[in-house]
2 protein chains.
Amino acid sequence: MQLELSIDRSSRVPLYFQLAQQLEDAIRDGRLRPGDRIDTETELAQRLSLGRPTVRQAVQELVSKGLLVRRRGVGTQVVAAQFSRPIELTSLFDDLAAADHRPTSQVLGLRSVDADAGVALALSLPAGSTVTYLERLRLQSDEPLAIMRNWIPAGVADLDADSLASNGLYELFRRSGVHLRIADQRIGARAATRPEARLLGVKFGSPLLTMERTAFDDAGRAVEYAQHCYRADSYFFDTTLVCR
Amino acid sequence: MQLELSIDRSSRVPLYFQLAQQLEDAIRDGRLRPGDRIDTETELAQRLSLGRPTVRQAVQELVSKGLLVRRRGVGTQVVAAQFSRPIELTSLFDDLAAADHRPTSQVLGLRSVDADAGVALALSLPAGSTVTYLERLRLQSDEPLAIMRNWIPAGVADLDADSLASNGLYELFRRSGVHLRIADQRIGARAATRPEARLLGVKFGSPLLTMERTAFDDAGRAVEYAQHCYRADSYFFDTTLVCR
DNA sequence: AAGATCAATATGTCTTTACAAAGCCCGATG
DNA sequence: CATCGGGCTTTGTAAAGACATATTGATCTT
């Protein structure tokens, strides 16, 4: 493999994580190419003065990310061709900001409402509970991209229209000490209604990509139910699947 | 936690896997409910006469599936409320068969063609390479559900119309010794063309949910490029995301 | 020369042990 | 009474050792 690897034992970064990071970097920038075999776990362990379980843990990280493949009796190989970023639990705002697409939000509505049956079910709340309803239009490079409807149980986070215009919802969650952990998501498609078509600047009946999501925090508490719809001509969900 | 757990040491099923399975079952059928704390790793290990790393490995499996959350100094809790099955690297046929929806395939076309630029790029082949082109209509309970177009490089698998009518493509891959490992996928939406609308029994211009996928095998070889489109009124992609 | 067997190699599974760090509760102290 | 601090609990990280099992290739046998 002849790859420079170094472990800093004085660092507070876990050893297995240092190794995983360096291997991932090597794969991503091409020093390790698809099909290359990496050193055996025993060799790596000896070379870096680590225990084999530590090396295994590092390799396991990359296997579960789909970058490496292990085969017993054979060795561990680099598998990745090219890959897109997996669907992650980030907000659309964060995604677009990362891609430098000048995202902005226009808050169309922000008020307290009683949860209807569907919303209450999604958030596991008693029907009629008070929730904050939020409706936004997302713009990308001044073009309308998505309509985002969110329902947030009372007491989860302090929301105001000003902050929402320049920050993603998830950023405000983080500032309120809400740690998102897991989300159930359903992706589908449907035709645009008249008001939606007007907001998004498309024709009535145009195809929209839809996403419904319920997000849960650390404690398993439902903290957000969302219904988003995107212009089908400017948005996709990219993901990389790994077979287990 | 008072949950009946038993480990069969004579089984060839790994111990950590047995434990993970039993915990997952308990969560899925409600014996463990969201928010419940499971026994500490040390307790579990002692109770089942296992080593703590073995218990950890089992718990780790479920954490990475999003069923459990660990917090240092606190313990491990059940997090999932209700969840759908994550998007997995299985074929639509398998999905439907599992749900008992009587899937059948109608092979609309099966022939060798020269790969155009887009297909060649997706499969990392030289432009003009020979590939097998396959077009199918998927029916669910006798209702048209999806149009599936696939391009498979020559020599990957033996395909014939008869087998394809009653088996999923991925099943035929398995029989040819092709082990799928990873796939890049893009989900979007668009309007139905006239021929598509006719095949699917919807109106021209109706919204369709689309999925583009390139699948790779063990060795990192691209073995399939697919363009599927689904009736938006009868199909969704469900997924559970875990924040890392 | 072809097939079967065996040895070498690499990952897979499991145990025991040890210490570190984070969170929580409770008691001591100002 | 409030706050700080310490100790307990629990998960996080790491080591070294042992045996199991799949794969490959070389050797032996027929």
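The analysis underlying the following values was restricted to heavy atoms, covering all of them including side chains, and did not include hydrogens, waters or symmetry mates. Lettering of chains follows the sequences in order, A, B, ..., and the numbering in each one begins at 1.
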Rounded interatomic separation in angstrom, taking CZ from B:R56 and P from D:dT10: 14 Å
Residues that B:R31 engages under side-chain hydrogen bond (donor to acceptor under 3.5 Å, both in side chains), provided they are two or more places apart: B:D29
Contact under 4.0 Å: B:T54 side-chain N or O vs C:dT13 OP1/OP2: no
Set of side-chain hydrogen bond (donor to acceptor under 3.5 Å, both in side chains) partners for B:R56, sequence neighbours left out: B:E41
Sidechain N-carboxylate O distance under 4.0 Å for B:D184, B:R213: no
Separation of atom CZ in A:R9 from atom P in C:dA20, rounded to whole Å: 13 Å
Closest nucleotide among C:dT11, C:dT15, C:dT13 to the A:T40 side chain: C:dT11
A:E212: salt bridge (Lys or Arg N to Asp or Glu O under 4.0 Å) partners, not counting sequence neighbours: none
Which pairs would a plain distance check flag for residues 17-26 of chain B, meaning a side-chain donor or acceptor within less than 3.5 Å of a matching protein atom at least two apart in sequence or in another chain?
{"from": "B:Q18", "atom 1": "OE1", "to": "B:D8", "atom 2": "N", "distance (Å)": "2.8"}
{"from": "B:Q18", "atom 1": "NE2", "to": "B:D8", "atom 2": "O", "distance (Å)": "2.9"}
{"from": "B:Q18", "atom 1": "NE2", "to": "B:V13", "atom 2": "O", "distance (Å)": "3.0"}
{"from": "B:Q22", "atom 1": "OE1", "to": "B:S6", "atom 2": "N", "distance (Å)": "3.1"}
{"from": "B:Q22", "atom 1": "NE2", "to": "B:S6", "atom 2": "O", "distance (Å)": "2.5"}
{"from": "B:E24", "atom 1": "OE1", "to": "B:K65", "atom 2": "NZ", "distance (Å)": "2.8"}
{"from": "B:E24", "atom 1": "OE2", "to": "B:R28", "atom 2": "NE", "distance (Å)": "2.9"}
{"from": "B:E24", "atom 1": "OE2", "to": "B:R28", "atom 2": "NH2", "distance (Å)": "2.9"}

Of A:G73 and B:T42, the one whose closest DNA chain D nucleotide lies more 5': B:T42
Residues in salt bridge (Lys or Arg N to Asp or Glu O under 4.0 Å) contact with A:R186, at least two apart in sequence or another chain: B:D238
B:Y16 vs C:dC14: side-chain N/O to OP1/OP2 distance below 4.0 Å: no
Integer-rounded Å distance: C:dG12 C1' and A:L68 CG: 16 Å
Interatomic distance where CZ belongs to B:R70 and C1' belongs to C:dA22 [whole Å]: 14 Å
Contact nearer the 5' end of DNA chain C, comparing A:R72 with B:P53: A:R72
Protein-nucleotide distance (A:E61, atom CD; D:dT13, atom C1'), rounded to Å: 13 Å
Length of the CD-P vector between A:Q57 and D:dT13, whole Å: 6 Å
Touch class at under 4.0 angstrom, heavy-atom based, for A:R12 against every strand present: nothing
Candidates D:dT13, D:dT23, C:dT15 - which lies nearest the side chain of B:L15: C:dT15
Side chain proximity check, B:Q77 to B:I38, heavy atoms < 4.5 angstrom: no
C:dT16 phosphate, OP1 or OP2, under 4.0 Å from B:R52 side-chain N/O: no
Length of the CD-P vector between B:Q77 and C:dC24, whole Å: 10 Å
Difference in axis direction between the ends of the helix from C:dA1-D:dT30 to C:dG30-D:dC1, five pairs, 10°: 0°
Length of the line joining A:Q18:CD and D:dG12:C1', which is rounded to integer Å: 15 Å
